[in-house]
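For reference, positions follow the sequence shown, starting with 1.
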Amino acid sequence: MSSVPASAFLALALILFCIGLYGALTKRNTVIVLISIELMLNAVNINLVTFSKYGLTPSITGQIFALFAICVAAAEAAVGLAILISLYNNRKTVNIDEMNKLKN
């Protein structure tokens, strides 16, 4: 049985993180920005699990940290979407450029 090398996982995490960073910095739709942040968090989780398995001292700590990161990502998505729904109800847009004015 052949094992996938750690470099493949790290390359995948790098690609996901770069896609997420590009989306977070260039897109104007807040839903796309939240999805991009989730991609970046998933790339971090892949790194945590990879170093947990292929590190100098393989242990389960990286997987536990990844589990905590998944919980934080779920909470971030729930709060972010709640804020977006509230802003959409008040402003009728999800464009980032139009959400910088908090006072009307």
Side-chain angles (χ1 to χ4, degrees):
M1 179 163 93
S2 65
S3 178
V4 179
S7 60
F9 291 114
L10 296 177
L12 174 66
L14 176 68
I15 291 168
L16 280 178
F17 192 85
C18 289
I19 291 170
L21 186 64
Y22 174 77
L25 294 177
T26 61
K27 302 301 178 187
R28 296 293 170 227
N29 189 333
T30 51
V31 176
I32 300 298
V33 171
L34 282 176
I35 291 172
S36 299
I37 292 170
E38 292 294 326
L39 275 176
M40 293 181 352
L41 286 172
N42 285 328
V44 169
N45 287 338
I46 291 173
N47 280 335
L48 286 171
V49 172
T50 300
F51 286 118
S52 173
K53 181 176 179 181
Y54 295 104
L56 293 176
T57 56
S59 65
I60 197 166
T61 55
Q63 296 171 10
I64 293 172
F65 280 124
L67 183 64
F68 284 124
I70 290 169
C71 294
V72 169
E76 174 261 331
V79 171
L81 287 175
I83 291 170
L84 284 178
I85 290 170
S86 176
L87 285 171
Y88 181 76
N89 286 337
N90 291 332
R91 302 278 181 188
K92 302 298 183 213
T93 185
V94 290
N95 193 352
I96 291 176
D97 294 334
E98 298 173 12
M99 291 187 190
N100 60 358
K101 301 175 186 118
L102 293 177
K103 294 182 181 179
N104 211 357

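Annotation: side-chain contact (heavy atoms from CB on, under 4.5 Å) contacts of V72 (sequence neighbours excluded): none. For L10, the side-chain contact (heavy atoms from CB on, under 4.5 Å) partners two or more places apart in sequence, or in a different chain, are N47, T50, F51.
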Return a table of donor-acceptor pairs under 3.5 angstrom between the side chains of residues 13-37 and protein atoms on other chains or two or more places apart.
{"unit_1": "T26", "atom_1": "OG1", "unit_2": "Y22", "atom_2": "O", "d": "2.6"}
{"unit_1": "N29", "atom_1": "OD1", "unit_2": "V31", "atom_2": "N", "d": "3.1"}
{"unit_1": "T30", "atom_1": "OG1", "unit_2": "V94", "atom_2": "O", "d": "3.2"}
{"unit_1": "S36", "atom_1": "OG", "unit_2": "I32", "atom_2": "O", "d": "2.9"}

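Pairing each heavy atom of G55 with each of P58, the nearest pair is O-CD, 3.6 Å. The two residues A73 and E38 come nearest to each other via the heavy atoms O-OE2, 3.1 Å. The two residues I46 and F9 have their closest heavy-atom pair at CG2-O, 3.6 Å. Minimum interatomic distance between V49 and A66 (heavy atoms only, all atoms of both residues): CG2-CB, 3.9 Å.
The side-chain heavy atoms of I64 and L67, taken from C-beta on, include no pair separated by under 4.5 Å. Residues S3 and Y54 meet the side-chain proximity criterion, which asks for heavy atoms closer than 4.5 Å.
In the model, T61 has a side-chain atom that pairs as donor or acceptor with a side-chain atom of S59 under 3.5 Å.
The hydrophobic cluster containing V44 does not contain I70, counting ILVMFWY residues as joined when their side-chain heavy atoms lie under 4.5 angstrom apart, directly or transitively.
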